[in-house]
Amino acid sequence: MNTTFYDQKLVGTLRHANLDMAKAYGKSLKLKPYNTGKRKVMLLLVDPQLGFIEKGRPLCVPGAIQDMINIVEFILTNVGTIDQITASLDSHLPFQIFFPDWWVYADGRPLEPFTVVTLEDVQSKKIKPIFDFPYEYAPGKSMPWSEYYLAMLENYGKKTGDGDFEKKNLMVWPNHCMIGTGEHIIEPTLYEAIFAHAIARKSEPKLKTKG
């Protein structure tokens, strides 16, 4: 591994990734393309974005900078073994039901991040959606979409491995990983490592937006 590839002090900071350096390093490895071997290994990265890594961001994960350093070193050490790198990207717009700007209290006060909103809160008019529309959830049956969303979340949630449903309430999150902002980008040092791997192995990284 080229130990001069990156500066650990820069990990977790907003900057432009040095793609010329990453490309030159990838080419210098002179590795075989990813599709020349029978065995295929994919590295899956979940939301490796500055919104969860940079210090001071509202959803910064403790220990995330060291995690990034470990992942970068893992990629550089195993660049000849990893055939493809895939990363999910948490991707948001201003008006989504789990953000504060979807809701207000009955008296017009805004909701603070980390407020829990229940179906009872909405039906009792304690909290009301700013944006809503009728949603036809079955032929001839409709209800406001926000209420339908909350009802499904509280009654079913997501299906667990044993076939049951994990019921939950809606949490209002601080705005994070907004599309078009610095929070949305892959941590730059990690992106340099991904780019170097792509050049070295002629392997297009797969980036999957979600949220």
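Quick caveat, the model's predicted, so the values are computed rather than measured. Positions are given from 1 along the sequence.
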Go through the side-chain N and O atoms of T118 and N169 and say whether any donor and acceptor fall under 3.5 Å apart. no
Tell me whether L45 shares a hydrophobic cluster with L89, the cluster being built from Ile, Leu, Val, Met, Phe, Trp, Tyr side chains joined at under 4.5 Å. yes
Treating Ile, Leu, Val, Met, Phe, Trp and Tyr as nodes and any side-chain heavy-atom pair under 4.5 angstrom as an edge, say whether F95 and V117 lie in one connected cluster. yes
Would you confirm whether N78, through its side chain, and T81, through its main-chain N or O, come within 3.5 Å as a donor-acceptor pair? no
Contacts of A151 meeting side-chain contact (heavy atoms from CB on, under 4.5 Å) (sequence neighbours excluded), chain-then-number -> L119, N155
With a 3.5 Å distance limit and no angle check, can you tell me whether R201 reaches the backbone of G80 through a side-chain donor-acceptor pair? yes
In the structure I gave you, are the side-chain heavy atoms of Y135 and M143 within less than 4.5 Å of one another anywhere? no
Provide the closest heavy-atom pair for A193 versus I75 in the form atom of the first, atom of the second, distance. O-CG2, 3.9 Å
Please say yes or no: joined through hydrophobic side-chain contacts below 4.5 Å, possibly via intermediate residues, are L93 and I97 part of one cluster? no
So which atom in D121 and which in V116 form the shortest heavy-atom distance, rounded to 0.1 Å? OD2-O, 3.7 Å
Look at R109 together with D107 and state whether they make a salt bridge at an N to O cut-off of under 4.0 Å. yes
Same hydrophobic cluster for F131 and V172, using side-chain heavy-atom links shorter than 4.5 Å among ILVMFWY? yes
Counterpart residues, side chain to side chain donor-acceptor pair (under 3.5 Å), relative to E183 (two or more places apart): R57
CD1 of I71 to OG1 of T189: how many Å apart, nearest 0.5 Å? 12.0 Å
Just by distance, do the side chain of D83 and the backbone of V41 share a donor-acceptor pair under 3.5 Å? yes
Which atom names give the shortest non-hydrogen contact between G182 and L14, and what distance separates them? CA-CD1, 4.0 Å
Shortest non-hydrogen contact between S142 and E136, atoms and distance: CB-CA, 3.8 Å
Under the side-chain hydrogen bond (donor to acceptor under 3.5 Å, both in side chains) rule, what pairs show up with a residue in residues 36-46, not counting sequence neighbours? none
Check side-chain contact (heavy atoms from CB on, under 4.5 Å) between K125 and all other residues, then give those that pass, not counting sequence neighbours. none
Which residues satisfy the side chain to side chain donor-acceptor pair (under 3.5 Å) test with N70, sequence neighbours excluded? Q66
Without placing hydrogens or testing angles, list every side-chain donor-acceptor pair under 3.5 Å for residues 204-211, not counting sequence neighbours.
from	atom 1	to	atom 2	distance (Å)
K210	NZ	D47	OD1	3.4
K210	NZ	D47	OD2	3.0
K210	NZ	D90	OD1	3.4

Please enumerate all residues that pass side-chain contact (heavy atoms from CB on, under 4.5 Å) together with K30, with sequence neighbours excluded. none
Under 4.5 Å between any side-chain heavy atoms of T86 and L43, yes or no? no
Qualifying residues under ring pair (Phe, Tyr, Trp, His ring centres under 6.0 Å), relative to Y105, sequence neighbours excluded: none
Looking only at non-hydrogen atoms, find the nearest pair between V122 and P129 and report the distance. CG1-CD, 4.3 Å
Which residues share a side chain to side chain donor-acceptor pair (under 3.5 Å) with E147, sequence neighbours left out: none
Roughly how far, to the nearest 0.5 Å, is CZ of F133 from CH2 of W145? 6.0 Å
Enter the distance from Q96:CD to N175:CG here, rounded to the nearest 0.5 Å. 9.5 Å
Under 4.5 Å between side-chain heavy atoms, hopping through other hydrophobics if needed: is there a path connecting I130 to M178? yes
I'd like to know if the side chain of S28 and the backbone of G26 have a donor-acceptor N/O pair within less than 3.5 Å. no
Atom pair CG/CD of L10 and Q8 - distance to nearest 0.5 Å: 10.5 Å
Okay, side chain of E192, backbone of A17: is any donor-acceptor separation there less than 3.5 Å? no
Taking only residues at least two apart or on different chains, which pairs with a member in residues 29-50 satisfy ring-ring contact (aromatic ring centres under 6.0 Å, His included)? none
Indicate yes or no for a side-chain donor-acceptor contact from D132 to the backbone of S146 under 3.5 Å, with no hydrogens or angles considered. yes
Quick check: closest heavy atoms across E187 and L50, and the distance to 0.1 Å? CG-CD2, 4.1 Å
Using distance alone, with no hydrogens and no angle criterion, decide if E154 and Y149 have a side-chain donor and acceptor under 3.5 Å apart. no
Exam field: side chain T77 to backbone E73, donor-acceptor pair closer than 3.5 Å: yes
Measuring from atom CG of L76 to atom OH of Y25, what distance do you get when rounded to the nearest 0.5 angstrom? 5.5 Å
If you draw a 6.0 Å radius around CD in E120, do more than 12 non-hydrogen atoms from other residues or ligands fall strictly inside? no
Does any pair with a residue in residues 175-202 pass ring-ring contact (aromatic ring centres under 6.0 Å, His included), and if so which ones, sequence neighbours excluded? F52-H176, H92-H176, F99-H176
Taking atom CH2 of W173 as the centre, report whether more than 12 heavy atoms of other residues, nucleotides or ligands fall under 6.0 Å from it. no
Looking at the rings of W102 and F98, which for Trp means the six-membered one, are their centres under 6.0 Å apart? no
Taken in chain and number order and not counting sequence neighbours, the residues that satisfy side-chain contact (heavy atoms from CB on, under 4.5 Å) with A64 are I53, V61
Between atom CD of Q84 and atom CD1 of I194, what is the distance when rounded to the nearest 0.5 Å? 11.5 Å
